[in-house]
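Heads up: the structure comes next, in C-alpha coordinates.
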Amino acid sequence: MHAQMLFSTSRTRAVASIARLGQRCMSVRPLKYEHLTNTPARKKVTIASLHALRQERTPITVLTAYDYPTGRAASMHGIDITLVGDSLAQVCLGYSSTTSLTLDEMLHHCRAVARGSSTPFLVADMPFGSYYAGKEDTVRAAVRMLQEGNVEAVKLEGGSEIAGRVQALTSIGIPVMAHVGLLPQRHTALSGYRVQGRTANSGRSILHSALALEEAGAFSIVLEAIPASLAAYITSRLKVPTIGIGAGPGCSGQVLVWDDVMGTWAGHKAKFVRRFGDVKSEVERGVKAYASAVRDGSFPQHDKEGYGMDDGEIEKLLEMEGDREWTWSPPKPVTN
(Lines give C-alpha, C1' and ligand atoms only; values in the text may rest on other atoms or scores of the structure.)
Protein backbone atom coordinates (compact mmCIF):
# COMPACT_ATOMS: atom_id res chain seq x y z
CA MET A 1 0.00 0.00 0.00
CA HIS A 2 2.82 2.38 0.97
CA ALA A 3 4.58 1.67 -2.35
CA GLN A 4 1.37 2.36 -4.26
CA MET A 5 0.96 5.69 -2.49
CA LEU A 6 4.53 6.65 -3.29
CA PHE A 7 4.02 5.73 -6.94
CA SER A 8 0.78 7.69 -7.09
CA THR A 9 2.39 10.75 -5.50
CA SER A 10 5.38 10.58 -7.86
CA ARG A 11 3.12 10.16 -10.86
CA THR A 12 0.99 13.15 -9.79
CA ARG A 13 4.11 15.30 -9.42
CA ALA A 14 5.39 14.21 -12.81
CA VAL A 15 2.09 15.00 -14.50
CA ALA A 16 1.97 18.39 -12.80
CA SER A 17 5.55 19.09 -13.90
CA ILE A 18 4.73 18.18 -17.50
CA ALA A 19 1.61 20.35 -17.35
CA ARG A 20 3.66 23.32 -16.11
CA LEU A 21 6.18 22.78 -18.87
CA GLY A 22 3.39 22.64 -21.44
CA GLN A 23 1.91 25.85 -20.12
CA ARG A 24 5.24 27.62 -20.44
CA CYS A 25 5.66 26.50 -24.02
CA MET A 26 2.14 26.91 -25.41
CA SER A 27 1.61 29.95 -27.61
CA VAL A 28 -2.16 29.83 -26.93
CA ARG A 29 -3.17 28.91 -23.40
CA PRO A 30 -6.62 28.30 -21.91
CA LEU A 31 -7.88 31.43 -20.19
CA LYS A 32 -7.96 31.20 -16.41
CA TYR A 33 -8.73 33.46 -13.50
CA GLU A 34 -10.94 35.81 -15.51
CA HIS A 35 -12.32 37.04 -12.19
CA LEU A 36 -8.97 38.74 -11.52
CA THR A 37 -9.48 41.30 -14.31
CA ASN A 38 -10.02 44.97 -13.49
CA THR A 39 -13.50 44.96 -15.02
CA PRO A 40 -16.17 45.26 -12.29
CA ALA A 41 -18.51 42.27 -12.14
CA ARG A 42 -21.93 42.85 -13.69
CA LYS A 43 -25.16 41.16 -12.78
CA LYS A 44 -26.51 38.62 -15.26
CA VAL A 45 -28.88 40.26 -17.73
CA THR A 46 -32.35 38.73 -17.69
CA ILE A 47 -35.67 39.40 -19.41
CA ALA A 48 -36.80 41.17 -16.24
CA SER A 49 -33.75 43.44 -16.20
CA LEU A 50 -34.28 44.25 -19.90
CA HIS A 51 -37.85 45.32 -19.14
CA ALA A 52 -36.50 47.40 -16.25
CA LEU A 53 -34.11 49.17 -18.64
CA ARG A 54 -37.05 49.94 -20.91
CA GLN A 55 -39.05 51.33 -17.99
CA GLU A 56 -36.10 53.49 -16.96
CA ARG A 57 -35.61 54.62 -20.57
CA THR A 58 -32.05 53.34 -20.46
CA PRO A 59 -31.08 52.30 -24.01
CA ILE A 60 -30.40 48.58 -24.39
CA THR A 61 -27.17 47.58 -26.15
CA VAL A 62 -27.22 44.60 -28.51
CA LEU A 63 -24.27 43.33 -30.54
CA THR A 64 -23.84 40.26 -32.70
CA ALA A 65 -21.15 37.68 -31.94
CA TYR A 66 -20.10 34.58 -33.83
CA ASP A 67 -17.37 32.81 -31.86
CA TYR A 68 -15.66 32.60 -28.47
CA PRO A 69 -13.56 35.81 -28.80
CA THR A 70 -16.47 37.99 -29.95
CA GLY A 71 -18.78 36.45 -27.37
CA ARG A 72 -16.25 37.13 -24.63
CA ALA A 73 -15.67 40.71 -25.82
CA ALA A 74 -19.40 41.46 -25.69
CA SER A 75 -19.60 39.92 -22.24
CA MET A 76 -16.56 41.76 -20.86
CA HIS A 77 -17.36 45.21 -22.23
CA GLY A 78 -20.91 45.99 -21.18
CA ILE A 79 -23.24 44.61 -23.86
CA ASP A 80 -26.75 43.78 -22.60
CA ILE A 81 -27.82 41.27 -25.28
CA THR A 82 -25.45 39.18 -27.37
CA LEU A 83 -27.09 38.00 -30.59
CA VAL A 84 -25.67 35.06 -32.52
CA GLY A 85 -26.95 36.50 -35.77
CA ASP A 86 -27.54 34.56 -38.95
CA SER A 87 -25.47 37.33 -40.56
CA LEU A 88 -22.60 34.94 -39.75
CA ALA A 89 -23.56 33.27 -43.03
CA GLN A 90 -22.02 36.21 -44.86
CA VAL A 91 -19.42 37.66 -42.50
CA CYS A 92 -18.00 34.34 -41.25
CA LEU A 93 -18.84 31.63 -43.78
CA GLY A 94 -18.75 33.56 -47.04
CA TYR A 95 -22.30 32.74 -48.15
CA SER A 96 -24.10 35.26 -50.36
CA SER A 97 -27.09 35.52 -48.01
CA THR A 98 -28.45 34.29 -44.69
CA THR A 99 -30.73 31.78 -46.41
CA SER A 100 -27.80 29.40 -46.99
CA LEU A 101 -27.11 28.93 -43.27
CA THR A 102 -28.12 25.57 -41.80
CA LEU A 103 -29.30 24.80 -38.28
CA ASP A 104 -26.24 22.64 -37.61
CA GLU A 105 -23.92 25.47 -38.65
CA MET A 106 -25.79 27.87 -36.40
CA LEU A 107 -25.54 25.47 -33.46
CA HIS A 108 -21.76 25.26 -33.91
CA HIS A 109 -21.42 29.04 -33.61
CA CYS A 110 -23.92 29.28 -30.74
CA ARG A 111 -21.86 26.89 -28.66
CA ALA A 112 -18.69 28.89 -29.30
CA VAL A 113 -20.31 32.20 -28.34
CA ALA A 114 -21.92 30.65 -25.26
CA ARG A 115 -18.51 29.53 -24.00
CA GLY A 116 -17.36 33.16 -24.02
CA SER A 117 -20.56 34.72 -22.72
CA SER A 118 -21.55 35.02 -19.08
CA THR A 119 -23.34 38.31 -18.37
CA PRO A 120 -25.34 39.32 -21.50
CA PHE A 121 -28.67 37.72 -22.32
CA LEU A 122 -27.82 35.31 -25.12
CA VAL A 123 -30.13 35.15 -28.16
CA ALA A 124 -29.69 33.38 -31.49
CA ASP A 125 -31.42 33.65 -34.86
CA MET A 126 -33.40 30.64 -35.96
CA PRO A 127 -32.01 29.93 -39.46
CA PHE A 128 -34.06 30.22 -42.61
CA GLY A 129 -36.43 27.27 -42.99
CA SER A 130 -36.09 26.00 -39.43
CA TYR A 131 -39.48 27.38 -38.35
CA TYR A 132 -41.55 27.33 -41.55
CA ALA A 133 -42.84 23.76 -41.82
CA GLY A 134 -45.07 23.94 -38.75
CA LYS A 135 -45.25 24.39 -35.00
CA GLU A 136 -43.73 20.99 -34.21
CA ASP A 137 -40.68 21.62 -36.39
CA THR A 138 -40.34 25.09 -34.90
CA VAL A 139 -40.39 23.74 -31.35
CA ARG A 140 -37.99 20.94 -32.22
CA ALA A 141 -35.45 23.34 -33.78
CA ALA A 142 -35.75 25.85 -30.93
CA VAL A 143 -35.23 23.14 -28.32
CA ARG A 144 -32.04 22.12 -30.10
CA MET A 145 -30.81 25.70 -30.03
CA LEU A 146 -31.32 25.89 -26.26
CA GLN A 147 -30.07 22.39 -25.45
CA GLU A 148 -27.24 22.03 -27.95
CA GLY A 149 -26.45 25.68 -28.68
CA ASN A 150 -26.67 26.79 -25.03
CA VAL A 151 -28.50 30.02 -25.89
CA GLU A 152 -31.23 31.52 -23.71
CA ALA A 153 -33.68 32.68 -26.37
CA VAL A 154 -34.35 32.49 -30.09
CA LYS A 155 -35.17 35.17 -32.66
CA LEU A 156 -37.67 34.70 -35.48
CA GLU A 157 -38.22 36.94 -38.50
CA GLY A 158 -41.78 37.53 -39.63
CA GLY A 159 -45.04 39.30 -38.99
CA SER A 160 -48.44 38.21 -37.70
CA GLU A 161 -48.25 35.11 -39.92
CA ILE A 162 -45.73 33.55 -37.51
CA ALA A 163 -47.54 34.57 -34.31
CA GLY A 164 -48.78 30.99 -33.87
CA ARG A 165 -45.24 29.65 -33.97
CA VAL A 166 -44.07 32.28 -31.49
CA GLN A 167 -46.95 31.37 -29.17
CA ALA A 168 -46.07 27.68 -29.49
CA LEU A 169 -42.57 28.46 -28.20
CA THR A 170 -43.43 30.94 -25.47
CA SER A 171 -46.20 28.70 -24.12
CA ILE A 172 -43.60 26.06 -23.23
CA GLY A 173 -41.12 28.52 -21.78
CA ILE A 174 -38.85 29.25 -24.73
CA PRO A 175 -38.21 33.03 -24.84
CA VAL A 176 -38.68 34.61 -28.27
CA MET A 177 -37.35 37.86 -29.72
CA ALA A 178 -39.43 38.82 -32.75
CA HIS A 179 -38.22 40.73 -35.83
CA VAL A 180 -40.35 42.90 -38.12
CA GLY A 181 -39.77 45.47 -40.85
CA LEU A 182 -37.02 44.46 -43.24
CA LEU A 183 -36.66 40.68 -43.08
CA PRO A 184 -33.24 39.66 -44.49
CA GLN A 185 -34.27 36.00 -44.75
CA ARG A 186 -36.94 37.14 -47.27
CA HIS A 187 -34.75 39.52 -49.24
CA THR A 188 -35.53 37.79 -52.53
CA ALA A 189 -39.28 38.13 -52.06
CA LEU A 190 -38.78 41.76 -51.02
CA SER A 191 -36.67 42.47 -54.14
CA GLY A 192 -33.62 43.26 -52.07
CA TYR A 193 -32.78 44.93 -48.79
CA ARG A 194 -35.25 47.82 -48.94
CA VAL A 195 -36.61 50.17 -46.31
CA GLN A 196 -40.07 49.05 -45.17
CA GLY A 197 -43.08 50.94 -43.80
CA ARG A 198 -42.81 54.16 -45.76
CA THR A 199 -46.54 54.36 -46.48
CA ALA A 200 -49.42 54.53 -44.00
CA ASN A 201 -50.70 51.10 -45.03
CA SER A 202 -47.33 49.33 -44.85
CA GLY A 203 -46.49 51.10 -41.59
CA ARG A 204 -49.83 49.99 -40.10
CA SER A 205 -49.11 46.42 -41.21
CA ILE A 206 -45.77 46.44 -39.37
CA LEU A 207 -47.41 47.95 -36.28
CA HIS A 208 -50.13 45.30 -36.17
CA SER A 209 -47.57 42.54 -36.74
CA ALA A 210 -45.58 43.84 -33.77
CA LEU A 211 -48.71 43.93 -31.61
CA ALA A 212 -49.63 40.38 -32.63
CA LEU A 213 -46.13 39.10 -31.82
CA GLU A 214 -46.20 40.84 -28.45
CA GLU A 215 -49.57 39.19 -27.76
CA ALA A 216 -48.01 35.83 -28.73
CA GLY A 217 -45.47 36.29 -25.95
CA ALA A 218 -42.38 37.83 -27.58
CA PHE A 219 -40.22 39.48 -24.88
CA SER A 220 -38.69 41.95 -27.34
CA ILE A 221 -39.07 42.96 -30.99
CA VAL A 222 -36.40 44.01 -33.47
CA LEU A 223 -37.43 46.81 -35.83
CA GLU A 224 -35.24 46.82 -38.93
CA ALA A 225 -34.95 49.47 -41.65
CA ILE A 226 -38.15 51.39 -41.03
CA PRO A 227 -38.67 55.17 -40.71
CA ALA A 228 -37.63 56.58 -37.33
CA SER A 229 -41.05 58.11 -36.63
CA LEU A 230 -42.79 54.79 -37.28
CA ALA A 231 -40.33 52.96 -35.03
CA ALA A 232 -40.87 55.49 -32.24
CA TYR A 233 -44.65 55.13 -32.55
CA ILE A 234 -44.50 51.33 -32.50
CA THR A 235 -42.23 51.51 -29.45
CA SER A 236 -44.81 53.70 -27.68
CA ARG A 237 -47.58 51.21 -28.44
CA LEU A 238 -45.73 48.14 -27.18
CA LYS A 239 -45.14 46.99 -23.63
CA VAL A 240 -41.93 45.12 -24.53
CA PRO A 241 -38.54 46.57 -25.52
CA THR A 242 -37.90 47.34 -29.16
CA ILE A 243 -34.42 46.97 -30.63
CA GLY A 244 -33.69 49.12 -33.64
CA ILE A 245 -31.37 48.54 -36.54
CA GLY A 246 -31.75 51.31 -39.06
CA ALA A 247 -34.89 52.41 -37.18
CA GLY A 248 -33.75 55.61 -35.50
CA PRO A 249 -33.19 56.63 -31.88
CA GLY A 250 -36.78 56.18 -30.70
CA CYS A 251 -36.39 52.46 -29.97
CA SER A 252 -35.69 50.92 -26.57
CA GLY A 253 -32.24 49.85 -27.77
CA GLN A 254 -29.97 49.36 -30.76
CA VAL A 255 -28.28 46.41 -32.47
CA LEU A 256 -25.46 46.32 -35.00
CA VAL A 257 -23.44 43.58 -36.64
CA TRP A 258 -19.97 43.02 -35.13
CA ASP A 259 -18.16 43.40 -38.46
CA ASP A 260 -19.93 46.69 -39.17
CA VAL A 261 -19.02 48.07 -35.74
CA MET A 262 -15.38 46.99 -36.05
CA GLY A 263 -14.97 48.03 -39.68
CA THR A 264 -13.97 44.57 -40.90
CA TRP A 265 -16.82 44.03 -43.38
CA ALA A 266 -15.66 44.70 -46.93
CA GLY A 267 -19.12 44.58 -48.48
CA HIS A 268 -21.85 47.20 -48.79
CA LYS A 269 -22.09 49.68 -45.90
CA ALA A 270 -25.72 50.39 -45.05
CA LYS A 271 -26.77 53.97 -44.32
CA PHE A 272 -27.51 53.18 -40.67
CA VAL A 273 -24.07 51.66 -39.98
CA ARG A 274 -21.50 53.57 -37.99
CA ARG A 275 -18.00 52.11 -37.73
CA PHE A 276 -16.74 52.44 -34.19
CA GLY A 277 -13.42 50.68 -34.81
CA ASP A 278 -10.91 50.23 -37.64
CA VAL A 279 -9.91 46.62 -37.05
CA LYS A 280 -9.57 46.01 -40.78
CA SER A 281 -6.62 48.41 -41.02
CA GLU A 282 -4.96 46.87 -37.97
CA VAL A 283 -5.39 43.36 -39.41
CA GLU A 284 -3.85 44.49 -42.70
CA ARG A 285 -0.95 46.14 -40.90
CA GLY A 286 -0.32 43.10 -38.69
CA VAL A 287 -0.45 40.52 -41.48
CA LYS A 288 1.83 42.53 -43.77
CA ALA A 289 4.32 43.21 -40.97
CA TYR A 290 4.44 39.51 -40.05
CA ALA A 291 4.98 38.39 -43.64
CA SER A 292 7.70 41.00 -44.12
CA ALA A 293 9.51 39.99 -40.91
CA VAL A 294 9.52 36.32 -41.91
CA ARG A 295 10.84 37.09 -45.38
CA ASP A 296 13.62 39.43 -44.24
CA GLY A 297 14.71 37.07 -41.46
CA SER A 298 13.96 39.42 -38.55
CA PHE A 299 11.42 36.95 -37.16
CA PRO A 300 12.01 34.86 -35.19
CA GLN A 301 15.06 36.03 -33.25
CA HIS A 302 16.60 32.79 -32.02
CA ASP A 303 17.74 34.15 -28.66
CA LYS A 304 14.54 36.07 -27.75
CA GLU A 305 11.83 34.10 -29.53
CA GLY A 306 13.10 30.53 -29.45
CA TYR A 307 14.49 27.78 -27.22
CA GLY A 308 18.09 26.74 -26.67
CA MET A 309 19.89 23.41 -26.41
CA ASP A 310 23.15 22.81 -24.57
CA ASP A 311 26.12 22.58 -26.95
CA GLY A 312 27.05 19.27 -25.40
CA GLU A 313 23.63 17.80 -26.14
CA ILE A 314 23.58 18.84 -29.78
CA GLU A 315 27.09 17.43 -30.15
CA LYS A 316 25.92 14.11 -28.69
CA LEU A 317 23.02 14.05 -31.12
CA LEU A 318 25.34 14.71 -34.09
CA GLU A 319 27.67 11.99 -32.92
CA MET A 320 24.76 9.55 -32.61
CA GLU A 321 23.76 10.40 -36.16
CA GLY A 322 27.29 10.27 -37.50
CA ASP A 323 26.98 13.85 -38.65
CA ARG A 324 29.62 15.66 -36.57
CA GLU A 325 30.58 17.95 -39.47
CA TRP A 326 27.18 19.66 -39.43
CA THR A 327 27.20 23.28 -38.27
CA TRP A 328 24.59 26.00 -38.07
CA SER A 329 24.65 29.71 -37.43
CA PRO A 330 21.48 31.76 -36.92
CA PRO A 331 20.67 33.82 -40.02
CA LYS A 332 21.23 37.53 -39.89
CA PRO A 333 18.23 39.74 -40.70
CA VAL A 334 18.22 41.25 -44.17
CA THR A 335 18.75 45.01 -44.04
CA ASN A 336 17.46 47.34 -46.73
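Keep in mind that the numbers below use all heavy atoms, side chains included, and drop hydrogens, waters and symmetry copies.
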Spatial distance of atom CZ (Arg274) from atom CG (Leu256) [nearest 0.5 Å]: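 Those atoms lie 9.5 Å apart.
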
Can you tell me if Glu319 uses its side chain to pair, donor with acceptor, with the backbone of Glu315 under 3.5 Å?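 Such a contact is absent between Glu319 side chain and Glu315 backbone.
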
Test: Lys316 and Asp310 ion pair at under 4.0 Å: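 Salt bridge: no.
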
Presence of salt bridge, Glu284 and Lys280, under 4.0 angstrom: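 Looking at Lys280 and Glu284, the cut-off is not met.
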
Looking at side-chain heavy atoms only, is the closest gap between Leu211 and Glu214 below 4.5 Å?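 The answer is yes; the side chains approach within 4.5 Å.
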
Take atom [atom1] of [X] as the centre, draw a 6.0 Å sphere, and report whether it contains more than 12 heavy atoms from other residues, nucleotides or ligands.
| X | atom1 | result |
| --- | --- | --- |
| Asp303 | CG | yes |
| Met320 | CE | no |
| Asn201 | CG | no |
| Glu215 | CD | no |

Can you see which heavy atom on [X] is nearest to which on [Y], and at what distance?
| X | Y | answer |
| --- | --- | --- |
| Arg194 | Leu182 | O-CD1, 3.6 Å |
| Leu169 | Met126 | CD1-SD, 4.4 Å |
| Gly248 | Gln254 | O-NE2, 2.9 Å |

Whether the [X] and [Y] side chains hold a donor-acceptor pair (N or O, under 3.5 Å, no angle test) is what I'd like checked.
| X | Y | result |
| --- | --- | --- |
| Ser202 | Thr199 | yes |
| Ser87 | Tyr66 | yes |
| Ser75 | Ser118 | yes |
| Glu157 | Tyr131 | no |

Please assess Lys44 against Glu152 for the test salt bridge (charged side-chain N to carboxylate O under 4.0 Å, His left out), listing each intermediate value before the final yes or no. CA-CA 12 Å; Lys44 178 73 179 76; Glu152 297 173 283; 3.0 Å; yes

Criterion side chain to side chain donor-acceptor pair (under 3.5 Å) on Asp104 and Thr102, from CA distance to verdict: CA-CA 5 Å; Asp104 285 337; Thr102 68; 5.5 Å; no

Among Asp259, Ile245, Asp260, Val257, which one satisfies side-chain contact (heavy atoms from CB on, under 4.5 Å) with Val273?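 Exactly one pass, corresponding to Asp260.
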
